Amino acid sequence: MSNEISALQKARAAYQPKLPKALRSGNVKIEFGEASHPASDGDKIKKLFPNTYGQPVAKIVEGDGILTAQPIKVGVVLSGGQAPGGHNVIAGLFDALKAANKDSKLYGFLKGPGGVIKGKYKELTPAIIDDYRNTGGFDMIMSGRDKIEKPEDLAACKKNFAAMGLDGLVIIGGDDSNTNAAVLAEYLREEGSKTVVIGVPKTIDGDMKNEQIEASFGFDTAAKTYSELIGNICRDATSAVKYWHFIRLMGRAASHVALECALQTHPNVTLVSEEIQAKGTTLQEIVDYIADVICERAASGKNYGILVVPEGLPEFISDIKAMIDELSNILGKDEAYITGLNDHSERVQYLSNQLSDHSARVYGSLPTEIQEVLLKRDSHGNVPLSQVETERLLIDLVSDKIRMMKQHGETEAKFSPLAHFFGYEGRCAAPSNFDADYTYSLGYAAAQLVRGGLTGYTVNVQNLTKD
Ligand code: FBP
């Protein structure tokens with residue numbers, strides 16, 4: 001690949017992300033507020049995190065504080081799925097550390113948490129950082145989905161940090177990775193290590209939100225990128241007037257991406273998993289609903305349209321969810337045996353005998369590829385939903401339904417479907433100005449928490465657009 005960068009890349013590289021007023025002043029302190037407490041399971045969490053539970057809310061404000069101005073060494077790791085702005089978190093962290101003391105050092109752990117456990121890292125120099133400012137992707141140091149939770153992995157981290165003389169580690173990741181950050185922070189404090197751990201919430205899925213976190217970074221850019229693609233398809237559909245486009249969007253269990261894109265592009269049908277779950281809708285009811293819309297549009301001469309479906313949908317359809325839960329239980333007990341079976345049909349036969357009658361019927365009605373995907377779990381126990389081609393499943397089932405309706409003379413609809421999946425196309429787009437500013441500020445703020453010696457905190461920036 002050539003090292004030449006395009007005019008657009010040059011313009012993005014020159015963009016100076018905006019910081020909130022307090023961070024801009026260069027003179028900050030940390031103000032402590034009320035003790036924090038989890039929304040649920042307080043007692044259980046307190047037992048698991050005796051050293052870091054209930055720490056006071058910390059706010060970074062302008063003023064003279066006791067944040068260290070000594071040179072410090074900080075590590076950073078990108079974890080989980082790519083999200084636009086990850087590089088700017090690192091750039092913000094780097095700039096803040098250097099602004100406090102030019103001799104401070106930032107090390108990037110390679111390929112996600114696995115790099116932290118193995119002690120694989122590189123020093124991040126000004127030249128490296130400059131190459132990646134305002135760019136999408138996580139390729140500066142790459143990402144991974146390993147967990148840091150086994151006793152030997154935690155001990156390996158402590159050893160690596162001691163050898164590096166690390167004052168702090170910043171973990172940029174989703175809910176699973178921030179759980180990792182909390183576990184590591186607790187362990188290191190218990191062990192008397194000087195390394196503090198700070199989490200930065202990231203995911204395009206938009207489902208890491210609470211009173212403090214208004215949005216997770218990457219969501220804004222990803223939703224805009226997918227919306228542009230969907231908008232183009234809408235125009236194509238109304239130009240060609242002959243295709244129904246079934247578009248699946250990434251977002252794991254949450255429908256936030258699908259809903260945001262629907263608000264931006266107005267497709268004919270948008271399925272929202274949370275609504276489907278709340279109503280207890282079955283797969284057949286969804287298929288009937290889609291077929292009705294297609295037939296109604298056909299009756300007014302429109303044999304084309306757009307349907308948007310969130311990737312997490314299967315887990316929210318009542319009968320499929322029940323079947324996935326049963327499968328998870330069976331896999332929990334017999335995974336080695338099931339994956340050891342050579343043949344797909346042997347696996348289906350075995351599972352059909354173990355599943356309840358209804359779930360066995362639902363499982364049996366799915367295409368082979370989907371049956372196989374539902375047997376996989378990632379290292380955090382999630383079904384790899386991005387591999388379930390829900391749009392194709394719906395196309396198959398809706399086609400059957402319309403064929404039957406035609407046979408009964410109930411419709412004259414012409415149904416020519418096309419399937420699309422947008423996920424990886426949006427996760428590494430250049431960050432929007434919002435994500436570029438937000439992530440740079442997150443990194444800048446994380447540096448202040450490390451300078452303050454805080455551990456077990458998740459960083460957040462509020463009211464970014466206000467002064
Ligand atoms: P995170 O939860 O790690 O942010 O991942 C987000 C995501 O993009 C999901 O939307 C998607 O289901 C998943 O990653 C895909 O995972 P992978 O990158 O392992 O294929």
Side-chain angles (χ1 to χ4, degrees), residues 77-89 109 111-116 136-139 141-149 170-182 199-210 213 215-227 229 247-261 271-274 308-316 324 369-370 372-374 376-391 420-429 431 435 438-439 442 458 460:
V77 62
L78 290 161
S79 178
Q82 283 69 255
H87 290 151
N88 267 25
V89 179
F109 284 98
K111 298 189 187 170
V116 182
F138 280 4
D139 43 328
I141 51 175
M142 298 160 281
S143 187
R145 288 198 184 276
D146 293 292
K147 271 181 170 184
I148 306 176
E149 63 170 15
V170 175
I171 298 184
I172 305 168
D175 47 358
D176 291 327
S177 316
N178 274 276
T179 306
N180 269 191
V200 176
K202 161 246 66 164
T203 178
I204 62 155
D205 301 351
D207 59 350
M208 271 191 91
K209 288 204 239 195
N210 59 25
I213 304 171
S216 53
F217 79 75
F219 174 78
D220 181 67
T221 311
K224 280 184 174 128
T225 308
Y226 301 138
S227 294
L229 297 172
I247 306 170
R248 173 169 50 111
L249 293 177
M250 225 178 215
R252 220 189 266 291
S255 302
H256 301 297
V257 172
L259 189 54
E260 176 60 27
C261 293
L271 301 174
V272 175
S273 305
E274 292 79 352
V308 166
V309 51
E311 80 173 351
L313 181 74
E315 275 194 298
F316 290 83
I324 290 179
E369 311 81 61
I370 296 186
E372 285 296 321
V373 171
L374 293 181
K376 296 183 193 162
R377 297 292 180 272
D378 71 13
S379 58
H380 295 277
N382 302 311
V383 180
L385 287 169
S386 57
Q387 294 172 31
V388 177
E389 298 192 311
T390 316
E391 71 286 14
H420 312 263
F421 169 47
F422 298 144
Y424 301 98
E425 296 83 347
R427 290 201 314 187
C428 286
D435 274 326
Y438 181 30
T439 48
L442 284 170
T458 302
N460 177 42

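Not measured: the values here are computed from a predicted model. Counting starts at 1 for both ligands and their atoms, in listed order.
Distances shorter than 4.0 angstrom do not occur between any heavy atom of Gln82 and any atom of ligand 1. Residue contacts with ligand 1 leave out Gln387, since none of its heavy atoms falls under 4.0 Å from the ligand. For the pair Gly80 and ligand 1, a heavy-atom separation below 4.0 Å is found.
At least one N or O atom of Tyr424 sits closer than 3.5 Å to an N or O atom of ligand 1. In terms of N/O distances under 3.5 Å, ligand 1 is not approached by Asp175.
Side chain of Arg248 to backbone of Gly423: no donor-acceptor contact under 3.5 angstrom is found.
Between Ser255 and Ser273, the side chains place a donor N or O and an acceptor N or O closer than 3.5 Å (distance only, hydrogens not considered).
Numbered from 1 in the order shown, with element, the atoms of ligand 1 that lie under 4.0 Å from a heavy atom of Gly251 read 10 (O). If you number the atoms of ligand 1 from 1 as listed, the ones under 4.0 Å from a heavy atom of Gly81 come out as 1 (P), 3 (O), 5 (O). Every atom of ligand 1 with a heavy atom of Lys202 under 4.0 Å away is listed here by number and element: 1 (P), 3 (O), 4 (O). Listed by atom number, the atoms of ligand 1 under 4.0 Å from Glu311 heavy atoms are 9 (C), 10 (O), 11 (C), 12 (O).
Applying the salt bridge (charged side-chain N to carboxylate O under 4.0 Å, His left out) test to Glu372 and every residue at least two apart in sequence or in another chain returns Arg347. Take Asn178 and apply the side chain to side chain donor-acceptor pair (under 3.5 Å) test, not counting sequence neighbours, and it matches no residue.
Residue-level proximity to ligand 1 for Thr203 is carried by backbone and side chain together, each with a heavy atom below 4.0 angstrom.
Relative orientation of the Phe422 and Tyr226 rings is parallel, given thresholds of 30° and 60° on the angle between their planes.
Here the CG atom belonging to Leu442 is positioned 9.0 Å from the CD1 atom belonging to Ile213, to the nearest 0.5 angstrom.
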| query | Would Asn180 and Lys147 satisfy side chain to side chain contact (heavy atoms under 4.5 Å, CB included), going step by step from the backbone distance to the final call? | reply | CA-CA 7 Å; Asn180 269 191; Lys147 271 181 170 184; 4.2 Å; yes
